[in-house]
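Here's the structure, in structure tokens; my notes come after.
By convention in this document, chain letters (A, B, ...) are assigned in the order of the sequence lines, proteins followed by strands, and residues within each chain are numbered from 1.
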Protein chains: 2
Amino acid sequence: MSRRTSKTGTVTVPRGTGRGTAGANLLALRSHNTALVLDLLRAAGTEGISRLELAERTGLTPQAVSKITARVREQGLAAEAGRRASTGGKPRTVLRLVPEAGHAVGVRIDRDEVRTVVVDLNGTVVGERSRPLDLGAGAEDVVETVALEVEGLLGDVSGSLGHGFLESLIGVGIALPGPLDHGRGVLHRVTGFPEWDGFPLRDALARRLGLPVVVDKDTNAAALGLSVAGEGGSFAYLHLGTGLGAGLVIGGHVHRGARTGAGEFGHQVIQLDGPVCGCGDRGCIEVLCLTAVERGELGEAARVLGAGAANLVGLLDIELVLLGGRTVAAAPEVFVDGVSAMVAARARREGMPGGAVPVRVAPGGERGVAEGAAQLLLAPMFGRGDG
Amino acid sequence: MSRRTSKTGTVTVPRGTGRGTAGANLLALRSHNTALVLDLLRAAGTEGISRLELAERTGLTPQAVSKITARVREQGLAAEAGRRASTGGKPRTVLRLVPEAGHAVGVRIDRDEVRTVVVDLNGTVVGERSRPLDLGAGAEDVVETVALEVEGLLGDVSGSLGHGFLESLIGVGIALPGPLDHGRGVLHRVTGFPEWDGFPLRDALARRLGLPVVVDKDTNAAALGLSVAGEGGSFAYLHLGTGLGAGLVIGGHVHRGARTGAGEFGHQVIQLDGPVCGCGDRGCIEVLCLTAVERGELGEAARVLGAGAANLVGLLDIELVLLGGRTVAAAPEVFVDGVSAMVAARARREGMPGGAVPVRVAPGGERGVAEGAAQLLLAPMFGRGDG
DNA sequence: CCTACTTTCGCAACGCTGTTGCCGAAGTGC
DNA sequence: GCACTTCGGCAACAGCGTTGCGAAAGTAGG
């Protein structure tokens with residue numbers, strides 16, 4: 001019973017040298033449509049979805065969907081699961097993702113802690129652990145600590161799941177703060193720890209673990225996790241914790257920009273010649289917001305955050321703003337109301353049809369970043385990779 | 001000699017109902033690859049490009065490129081044009097776009113003027129005219145005026161080109177300021193002229209002219225024109241004239257957002273509780289920048305503009321900032337230097353590898369918007385449409 | 001229970017895509 | 001003049017989604 005045969009998840013798209021979008025061949029076509037179907041299967045969750053519904057949603061013919069689902073079932077990624085009620089004829093057969101067919105590890109590296117999760121294809125957490133971490137201990141020590149943590153968790157989960165769990169492993173996703181190169185998996189720097197400058201984290205961990213590794217900013221991972229969890233097509237995730245950053249999802253894809261630098265929300269200047277920020281500039285949202293929090297003026301902090309959010313909504317015309325991070329979690333209503341008010345005021349002034357963009361607290365909480373990191377590995381399989 | 005046979009340019013992609021990305025069939029595959037090849041042919045301009053180069057750039061096999069180019073040549077869209085120097089074997093045959101195979105009309109409607117151009121597939125302007133316009137004359141009068149202007153220009157060009165020019169016409173692109181719905185071609189409102197609220201400009205003009213019509217914001221049209229002209233993959237076009245707006249190009253595609261609202265740059269707040277803007281908010285870039293211009297403090301205007309540009313660069317991690325509009329044209333060095341300084345300062349503080357994002361004056365000048373409007377019709381043919 | 005009807009879904013043939021193997025065409029270099 | 005290199009078309013091919021059709025599996029009515 002071969003599950004997850006070779007080509008699924010690793011789209012073999014021909015890549016042109018340098019710039020210029022890539023041409024598509026039949027393999028790419030198949031990968032694309034298969035990923036689409038898998039994505040809909042995942043979104044359907046335990047409820048499942050029928051072939052004809054898949055056909056309607058994708059625009060493919062029912063026959064094409066049948067062929068695709070047959071292949072996917074043969075690979076063990078999906079299975080039939082009951083039937084719908086009849087509407088006067090043969091009832092539709094419900095298909096469901098087989099979550100155990102694939103697993104990914106997600107790691108969140110923070111300044112003082114590392115949290116590791118294992119999720120299945122549905123994104124359900126099947127294993128979790130965490131421990132303190134000292135980023136200042138040096139790159140090699142941290143890599144070793146993280147590797148041991150991952151291996152420990154894999155051992156635990158393997159013990160409880162057994163039966164080819166290790167073979168179902170797709171890889172490890174790492175989320176951490178600070179600027180980095182997502183494409184090459186290299187950290188630019190970690191604030192306060194110059195020894196990390198330019199460290200090739202992805203390759204170091206991949207070599208040590210013998211697994212594919214993907215590295216991304218924590219806000220991007222969180223945004224990806226929220227996107228997978230079903231949070232619409234275009235939204236911004238604003239994270240307010242020790243710092244202030246954003247993850248942007250545009251059209252179902254995480255927008256990282258050419259150098260993984262997108263989402264630099266905290267140092268958006270909204271107060272020209274304002275108070276000096278840690279970055280050296282003046283009037284950044286981060287310094288205004290965080291000093292207001294320190295002074296206990298949460299309403300003012302929310303107002304400042306809301307001004308930045310309104311700027312962002314106007315620039316990108318996104319459909320939703322999600323708030324997260326420890327500071328928000330401490331007083332969710334204050335921030336949601338404050339940001340909402342600013343965004344709504346802008347919408348009212350501009351008279352956009354459809355009204356103001358909704359503002360909510362991001363579900364998932366602190367574990368969301370690690371889960372999103374795991375999704376970095378699952379994303380290509382469901383057509384959410386990069387492009 | 002049938003040029004531009006049915007399916008080219010009108011990609012018949014199956015569309016799923018509602019959300020959910022669309023599945024792709026063989027027709028979509030062919031359209032995609034054909035568009036890719038046509039885009040490269042266009043980019044190659046009069047210099048041309050060989051089949052093997054096309055294969056390298058697209059990642060397709062040489063044989064696939066041969067088939068595609070054969071089809072394209074049969075349709076009259078491309079032709080052979082000389083050969084390269086030999087490198088020890090048979091020299092490569094150079095292919096070139098046949099610009100006369102397709103034409104599009106571009107119209108820029110401004111508060112006091114309408115400017116109309118006709119461009120060929122290369123984007124070369126083959127006809128142009130303009131006349132004063134009073135937006136307050138009412139929607140129907142303006143539609144009639146624009147229609148007459150288009151028909152007049154088509155008559156002129158048809159006289160000079162003759163030979164199936166009218167058959168080569170693809171459609172008419174309209175660029176105008178103010179919020180609108182690009183997808184449905186409906187204006188939301190035109191500042192100062194309430195009678196335009198909700199006017200279905202696209203359908204009205206399409207019915208009147210009997211040609212396909214596409215409507216977009218002027219800044220988006222300008223950005224599209226710049227993108228086609230070869231200005232990189234991700235950039236922002238900032239237009240400073242009677243107002244202040246932006247057009248965003250991300251990954252070679254104009255980013256309009258869900259409601260064509262993206263690029264609302266002018267009402268980005270960068271001075272909390274600052275001076276009141278016409279929009280009702282306080283401290284918008286537009287009011288700060290334009291009042292500085294009025295006071296003759298161009299350096300300050302450039303600094304304000306630069307602060308907003310730096311915010312934008314940080315949020316989206318774009319690769320280039322282009323400046324345009326009458327105010328910029330009046331003192332280009334001041335604005336380029338001022339904005340450059342702000343963007344560079346931000347880049348230095350963040351220590352992004354690759355250095356600061358370049359800032360330049362957008363080429364093309366005032367005619368660029370109308371040319372970009374024409375590109376709205378050509379874009380789908382070259383794979384630059386929406387998605 | 002049987003028949004008629006509706007609806008789902010797979011089999012088989014098909015058209016079309018890009019791919020592969022091969023060979024002629026068109027140059028260079030000795 | 002010959003060997004070699006490189007380009008690019010012809011033909012056969014595998015694989016994609018599509019179409020036509022029929023079996024399977026229900027409901028509705030007698």
For residues 81-90 of chain B, run the donor-acceptor check on the side chains, cut-off 3.5 Å, and write out each pair with its distance to 0.1 Å, sequence neighbours left out.
residue, atom, partner, partner atom, Å
B:Arg84, NH1, B:Glu53, OE1, 2.6
B:Arg84, NH1, B:Glu53, OE2, 3.4
B:Arg84, NH2, B:Gly48, O, 3.3
B:Ser86, OG, B:Gly88, N, 3.0
B:Ser86, OG, B:Gly89, N, 3.1
B:Ser86, OG, B:Gly89, O, 2.6

Distance in angstrom units between [X] [atom1] and [N] [atom2], rounded:
X       : N      : atom1 : atom2 : value
A:Ile68 : D:dT18 : CD1   : C1'   : 12 Å
B:Leu60 : C:dT19 : CG    : C1'   : 11 Å
B:Arg84 : C:dA25 : CZ    : C1'   : 19 Å
B:Leu27 : D:dG15 : CG    : P     : 22 Å

- request: Look at A:Arg184 together with A:Asp203 and state whether they make a salt bridge at an N to O cut-off of under 4.0 Å.
  value: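 No, no charged N to carboxylate O under 4.0 Å.
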- request: Apply side-chain hydrogen bond (donor to acceptor under 3.5 Å, both in side chains) to B:Asp317 and list each qualifying residue two or more places apart in sequence or on a separate chain.
  value: A:Arg259
query: Which residues pass the side-chain hydrogen bond (donor to acceptor under 3.5 Å, both in side chains) test with B:Gln63, sequence neighbours left out?
result: none
message: Closest approach to the side chain of B:Arg83, judged atom by atom: which nucleotide of D:dC16, C:dA26, C:dG18 is it?
response: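 Between D:dC16, C:dA26, C:dG18, the one nearest the side chain of B:Arg83 would be C:dA26.
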message: Quick check for you: among C:dT17, C:dT28, C:dT19, whose closest atom lies nearest to any side-chain atom of B:Arg71?
response: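 Per side-chain heavy atoms of B:Arg71, the pick is C:dT17.
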Looking at [N], I'd like to know if its phosphate oxygens (OP1 or OP2) sit under 4.0 Å from a side-chain N or O belonging to [X].
X       : N      : answer
B:Asn33 : C:dG18 : yes
B:Ser86 : C:dT28 : no
B:Asn25 : D:dC16 : no

field: Residues in salt bridge (Lys or Arg N to Asp or Glu O under 4.0 Å) contact with A:Arg202, at least two apart in sequence or another chain
entry: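 Expected list: none.
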task: Determine, for nucleotides 5-15 of chain C in 5'-to-3' order, which nucleotides have protein heavy atoms under 4.0 Å from the base (write B), from only the sugar-phosphate (write S), or from neither (write -).
output: -BBBSBB-B-B
message: Taking side chain to side chain contact (heavy atoms under 4.5 Å, CB included) as the definition, give me every residue that meets it alongside B:Asp39, ordered by chain and number, with sequence neighbours left out.
response: B:Arg42, B:Phe382, B:Arg384
